[in-house]
2 protein chains.
Amino acid sequence: MENVRELFQTMTRRFGLLNKNCCQIGGKEVSLVQSHILYEIFRNDKPSMQQVAETLGMDITTFSRQIQTLVKMELVVKTPLPEDRRVTQLSLTTQGNYVAAKIDADMNQYLDEVFSNMSEFEREMVIKSIKLLNEAMSKSTVCCKPLI
Amino acid sequence: MENVRELFQTMTRRFGLLNKNCCQIGGKEVSLVQSHILYEIFRNDKPSMQQVAETLGMDITTFSRQIQTLVKMELVVKTPLPEDRRVTQLSLTTQGNYVAAKIDADMNQYLDEVFSNMSEFEREMVIKSIKLLNEAMSKSTVCCKPLI
DNA sequence: CCTTTTATTTGTAATTTACAAGTGTTTGTT
DNA sequence: AACAAACACTTGTAAATTACAAATAAAAGG
């Protein structure tokens with residue numbers, strides 16, 4: 001069997017590199033971590049700080065500071081949860097939404113381009129595989145539990 | 001078509017998380033970036049600074065400082081290339097080799113576990129898909145050129 | 001030679017990170 | 001109701017990581 005780790009290392013590195021470059025939108029410079037945060041707020045409905053921090057595997061104090069930055073950048077808004085005022089709900093501003101959507105679109109465009117180098121059959125196989133992989137990883141006991 | 005980006009985002013995040021946790025070996029604490037550097041030196045034969053930095057998409061000055069750290073940790077050795085003394089060849093010390101090999105083994109063990117949740121057929125499909133994906137990404141013009 | 005290019009390093013300063021300790025809020029116990 | 005414990009989040013602080021600009025040192029080109 002070939003070197004499986006190498007395949008994965010190459011793949012994840014390529015995605016990491018991509019993300020690094022694709023986050024300067026409309027005057028706002030967004031870091032890789034910040035784009036991940038925006039993405040999570042984008043796809044969840046008013047998640048709490050803890051929720052997002054845990055999903056991203058970030059230390060909560062680090063996360064707190066990142067959110068402060070994003071609030072200053074006017075991309076994110078914090079509102080206390082009425083039922084439990086310890087909890088902070090996160091949501092995107094109009095601008096934050098725009099930035100998140102733009103990153104999403106760029107990302108999808110890139111993926112489209114990548115897939116354009118494949119046949120229909122291959123494309124479906126790859127997508128099926130990624131799904132399988134995600135499921136299998138979520139079942140693993142080694143580390144990085146499900147988290148979604 | 002489903003949300004392809006979401007699949008990829010989840011996948012790469014899971015791998016990122018994994019790497020974060022799997023790098024404390026024999027008294028040495030190795031960061032994610034450092035483990036990537038060790039890996040590249042591990043699998044290439046005496047690569048130059050530039051070579052590795054470019055592969056990892058790192059700024060050369062940042063890379064230079066990381067290498068300084070790894071040299072201090074006695075995991076990496078720098079030797080000037082005789083034919084061109086501007087160039088620095090990188091190699092692993094015995095200890096560096098041990099650390100890199102240990103991370104590699106851990107990583108492979110994790111992947112084995114992940115694959116154990118699949119059938120033989122699925123496993124082959126997934127591996128084939130990752131290969132396809134790497135090829136397709138290397139052909140993309142958007143960003144992050146081949147790099148290997 | 002002497003200028004230019006190339007590979008790497010340092011000056012500097014901002015950003016990111018995380019441990020420990022703190023604040024404010026809710027829950028549980030009596 | 002009162003108080004301790006648990007919880008969600010924030011700050012103090014200090015180290016690690018990052019990257020631009022400028023410096024060094026070696027090779028290549030004219």
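The chains referred to below are lettered A, B, ... by the order of the sequence lines, with proteins before strands, and numbering in each begins at 1.
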May I ask you to verify if any side-chain N or O of [X] is less than 4.0 angstrom from the OP1 or OP2 atom of [N]?
{"X": "Gln51(A)", "N": "dA8(D)", "result": "no"}
{"X": "Arg86(A)", "N": "dC7(D)", "result": "no"}
{"X": "Ser64(A)", "N": "dC9(D)", "result": "no"}
{"X": "Thr62(B)", "N": "dT17(D)", "result": "no"}
{"X": "Gln66(B)", "N": "dT18(D)", "result": "yes"}
{"X": "Lys78(A)", "N": "dT10(D)", "result": "yes"}
{"X": "Thr61(A)", "N": "dA18(C)", "result": "no"}
{"X": "Gln34(A)", "N": "dT15(C)", "result": "no"}

Give the rounded distance in Å between these two atoms: [atom1] of [X] and [atom2] of [N].
{"X": "Asp59(B)", "N": "dT8(C)", "atom1": "CG", "atom2": "C1'", "result": "12 Å"}
{"X": "Leu32(B)", "N": "dT17(D)", "atom1": "CG", "atom2": "C1'", "result": "12 Å"}
{"X": "Gln68(B)", "N": "dT18(D)", "atom1": "CD", "atom2": "C1'", "result": "14 Å"}
{"X": "Glu29(A)", "N": "dA14(C)", "atom1": "CD", "atom2": "P", "result": "16 Å"}
{"X": "Gln50(B)", "N": "dA26(D)", "atom1": "CD", "atom2": "P", "result": "17 Å"}
{"X": "Ile60(A)", "N": "dA6(D)", "atom1": "CD1", "atom2": "C1'", "result": "16 Å"}
{"X": "Ile67(B)", "N": "dT17(D)", "atom1": "CD1", "atom2": "C1'", "result": "14 Å"}
{"X": "Glu54(A)", "N": "dC9(D)", "atom1": "CD", "atom2": "C1'", "result": "15 Å"}

Do the side chains of Glu6(B) and Lys131(A) get close enough for a salt bridge, i.e. N-O under 4.0 angstrom?
no
Is Ser48(B) touching bases, backbone alone, or none of the nucleic acid, heavy atoms closer than 4.0 Å?
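Sugar-phosphate contact only.
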Result for 5'-nearest mapping on DNA chain C, choosing between Pro82(A) and Val87(B), is Val87(B)
5′-ward residue of the pair Thr88(A)/Arg65(A) relative to DNA chain D
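Its nucleotide being nearer the 5' end, the pick is Thr88(A).
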So, does [X] use its side chain to make a donor-acceptor pair with the main chain of [Y] at under 3.5 Å?
{"X": "Ser129(A)", "Y": "Ser129(B)", "value": "no"}
{"X": "Asn134(B)", "Y": "Leu7(A)", "value": "yes"}
{"X": "Gln68(B)", "Y": "Arg65(B)", "value": "no"}
{"X": "Arg5(B)", "Y": "Met107(A)", "value": "no"}

